[in-house]
Amino acid sequence: MKNRPNRPVSSNRPSSSQRRPGQGAGGSSQPNNTPRPAPEPVNKNLVLPARITVRELSERMGCSPIELIKQLMSAGVMANINQEIDYDTAAIIASDMGFEVKEFKAPEPQVAEADEEAEAPQSRKTVYSDEEKRFLRTRPPVVTILGHVDHGKTSLLDAIRDSNQAAREAGFITQHIGAYQAEAQDKVITFLDTPGHEAFTAMRARGANLTDIAVLVVAADDGVQPQTREAINHARAAQVPIIVALNKIDLLVANPERVKQQLADVGLVVEEYGGDTICVNVSAKTRRGIDDLLGMILLVAEMADLKANPHRNPTGVVIEGRQDAQRGPTATLLVQEGVLKVGDALLVGTAAGKIRAMFNYQNKPIKRAGPSTPVVVIGLNTIPQAGDSFEMVENERIARERASAASQAAREASNAPAAPISLEDIFAQAQAGQVKTLNLILKADVQGSLEPIRNSLTKLEAGELKVRIVHEGVGAITESDVSLASADQSFIIGFNVTVDAAAARLAETNKIDIRTYSIIYRVIEDIQNALTGMLAPTYHEVKQGKAIVRQLFHISGTGTIAGSQVQEGKALRNALVRVHRGNQVLHEGRVASLKRFTEDVREVGTGMECGIGIEGYSDLKPDDIIEFYIMEQDKR
């Protein structure tokens, strides 16, 4: 499971409850023009959390973010200054730069709790220190509405918040991401209304895992459509619980039982059929079932035990950014930790500024916003990108300095080739123990082709490695497929289908591997070979020959050369060797040189004389036996 990116606790940054009177939001009472104190000596022993931002890692290592980003790029990892990387990546880079790295382990009770909830729908929790746990407060759930284009996603949200947003949208289709809040049972729920699962996944590909719960809207008269299947797979890939809202139940042609059967066919078995998927009959038009849906959302949220620390420095994610004719650059932010306030200095990706004004989802000015609250802020110097993380910093000057560094790093990264998501790349991760599955997105020309390919692929395995079908569908390979592949480190297989132009461009930009076939057994053969290639290779020894030492020569600058005669097989220049004296093995190493008279040679046959040098070993004596062998990789 991919965990929600969690900002690690910084021990040298006081929370708002620890600030002295007169201190600003960053915990400093110095004016803006006061120079920052000199950095403390860098500790070569690092304890890193499961995820850490590039900027914070550079601070802990005492190097510039640009230098660290270059190191990441050379390792094939593309990340901007505010993006989070996992522990394994951070540990490799830090080790290469001379640091001793250990992983931060949560206290034992927290581990036990995580184990108990490993099968729970939502187990992506921030790790808090024991001191912080006393500040934790329950936060509202963040819910994303997904579904087919005309099944009533926005209309359902209209019914929930008792407005008429859909009528104001061009063509009655949602054109941008919106964030809204609703109340039910005296509790608040935050809703993200997206243009579709593509935007949902594109933000997740940027590391912005915003959603706690996905509500899948399915029209009771139309049933499961291709985009419905895509939305299901995108929600599953994000590993968030799914609640089905069976909309348009008021229509005479509605057939909820047929739709529930269709949902079961794609793996969403509703509770009344013995499954664990919550399904609520609703009508956005008549408001039937709306209260039941909200109740189910709150129930799932309560089971997930969603909490946040309002006393941390405020952090969160950009939902959308835009240029307002009157207000200038604006950004819709979702606060995830801490309390955001007017006057706070923000670093938002490559943007920076001081919050001059802040508005809630009803466009009313507010002064403060806590966890899971969407707000629109004014005061940034440029428009941030959706998915950028934000954080409060000491003052606006520091925010602009860091934003400038992030912009420079972004320009350098844009000139570098993107890290490919290819079979070879995934194999390397598998051999390093980072992945145990080969993630595939499968597209075919007809359902009749899709089923036998899927059934054959899911039976393939090699050791513990298995195939995982992230998404499957009928029709051309689209931008949505490429976006999902980017988010889930998958590659795409097409059978008798084309790749549309937009998808091809996006795949080329993001270096996504797309492979198309016209013969089924070629698909199966390639994936079986791929799985085999993902296994760590094993080797066996193949003996090549044996030579006896007759005389020793000590050559200045070269070392000891054994004048020898090949008794069996052949002596090889590129071979490994063992030195035997009687029944004892004295040394194992590699051939340093092999000469026939004065010429370097690659091999010497049986009965012939030669001069042999061994890397790092000179304690040879006449009658020693030098055994030559090579290591060959086992065939799977």
Side-chain angles (χ1 to χ4, degrees), residues 121-122 141-166 172-174 180 182 184-185 189-197 200 211-238 240-304 471 473:
Q122 211 281 356
V142 179
V143 181
T144 296
I145 308 292
L146 301 175
H148 190 62
V149 66
D150 59 353
H151 280 195
K153 300 189 299 291
T154 303
S155 297
L156 178 62
L157 192 57
D158 289 340
I160 291 172
R161 57 194 170 95
D162 196 23
S163 66
N164 195 20
Q165 178 70 18
F172 293 89
I173 298 175
T174 306
Y180 315 96
Q185 302 175 15
I189 303 171
T190 298
F191 288 93
L192 301 183
D193 184 19
T194 76
H197 48 268
F200 174 80
T211 306
D212 300 311
I213 301 167
V215 171
L216 178 70
V217 181
V218 187
D221 63 327
D222 200 20
V224 174
Q225 297 299 313
Q227 283 190 336
T228 312
R229 295 189 183 92
E230 289 187 6
I232 292 170
N233 289 327
H234 285 239
R236 281 175 173 162
V240 295
I242 299 173
I243 297 175
V244 175
L246 203 53
N247 195 24
K248 305 184 181 181
I249 200 71
D250 57 300
L251 299 179
L252 295 176
V253 292
N255 190 344
E257 296 306 315
R258 178 179 65 88
V259 178
K260 291 174 184 177
Q261 183 58 56
Q262 291 176 341
L263 289 168
D265 292 340
V266 294
L268 286 183
V269 182
V270 300
E271 291 178 322
E272 62 187 90
Y273 286 0
D276 56 5
T277 300
I278 296 173
C279 181
V280 183
N281 293 341
V282 299
S283 170
K285 183 177 180 180
T286 66
R287 296 184 56 82
R288 173 184 169 184
I290 298 299
D291 290 339
D292 294 337
L293 176 61
L294 296 178
M296 289 298 104
I297 291 173
L298 292 174
L299 176 62
V300 173
E302 183 178 351
M303 293 172 59
H471 171 62

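Below, each value reflects all heavy atoms present in this structure, side chains not excepted, and no hydrogens, waters or symmetry copies.
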Non-hydrogen atoms of [X] and [Y] that approach each other most closely:
X	Y	answer
His471	Asn233	ND1-ND2, 2.6 Å
Val259	Val224	O-CG2, 4.5 Å
Asp222	Arg258	C-NH2, 4.1 Å
Arg236	Val266	NH2-O, 2.9 Å
Lys153	Gly147	CD-N, 3.3 Å
Ile213	Pro141	CD1-CB, 4.3 Å

With the side chain counted from C-beta on, respond yes when [X] and [Y] share a heavy-atom pair under 4.5 Å apart, and no when they do not.
X	Y	result
Val215	Thr144	no
Leu293	Ile243	yes
Leu146	Ile242	no
Val240	Asp212	no
Glu271	Asp276	no

Inset, instruction - Examine distances only and state if a side-chain atom of Asn247 and a backbone atom of Ala220 form a donor-acceptor pair shorter than 3.5 Å. - result: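 Answer holds: no.
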
Legend entry - Thr211 side chain vs Ala214 backbone, donor-acceptor pair below 3.5 Å: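 It does not hold such a pair.
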
Legend entry - Heavy atoms from other residues, nucleotides or ligands near CD of Glu257 exceed 12 (cutoff 6.0 Å):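 Buried by this count: over 12 neighbours within 6.0 Å.
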
Inset, instruction - Verify the neighbour count for atom CG of Asp291: are there more than 12 heavy atoms of other residues, nucleotides or ligands below 6.0 Å? - result: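 It does not: Asp291 CG has 12 such atoms or fewer within range.
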
Inset, instruction - Applying side chain to side chain contact (heavy atoms under 4.5 Å, CB included), run through Ile232 and Leu268 and close with a yes or a no. - result: CA-CA 9 Å; Ile232 292 170; Leu268 286 183; 3.7 Å; yes

If you measure from [atom1] on [X] to [atom2] on [Y], what distance do you get to the nearest 0.5 Å?
X	Y	atom1	atom2	value
Ile160	Phe191	CD1	CZ	4.0 Å
Lys248	Arg288	NZ	CZ	15.5 Å
Cys279	Met296	SG	CE	11.5 Å
Leu156	Arg287	CG	CZ	10.0 Å
Leu251	Asp221	CG	CG	5.0 Å
Ile297	Ile189	CD1	CD1	4.5 Å

Inset, instruction - For the pair Lys260 and Leu246, evaluate side chain to side chain contact (heavy atoms under 4.5 Å, CB included) and give the outcome as yes or no after the intermediate values. - result: CA-CA 9 Å; Lys260 291 174 184 177; Leu246 203 53; 4.2 Å; yes

Inset, instruction - List the steps, then state whether side chain to side chain contact (heavy atoms under 4.5 Å, CB included) holds for Gln185 with Leu298. - result: CA-CA 9 Å; Gln185 302 175 15; Leu298 292 174; 3.8 Å; yes

Legend entry - Positive for side chain to side chain contact (heavy atoms under 4.5 Å, CB included) with Thr277, one of Val244, Val269, Leu263: Val244

Legend entry - Residue pair Val142, Leu192: steps toward the side chain to side chain contact (heavy atoms under 4.5 Å, CB included) verdict: CA-CA 7 Å; Val142 179; Leu192 301 183; 3.9 Å; yes

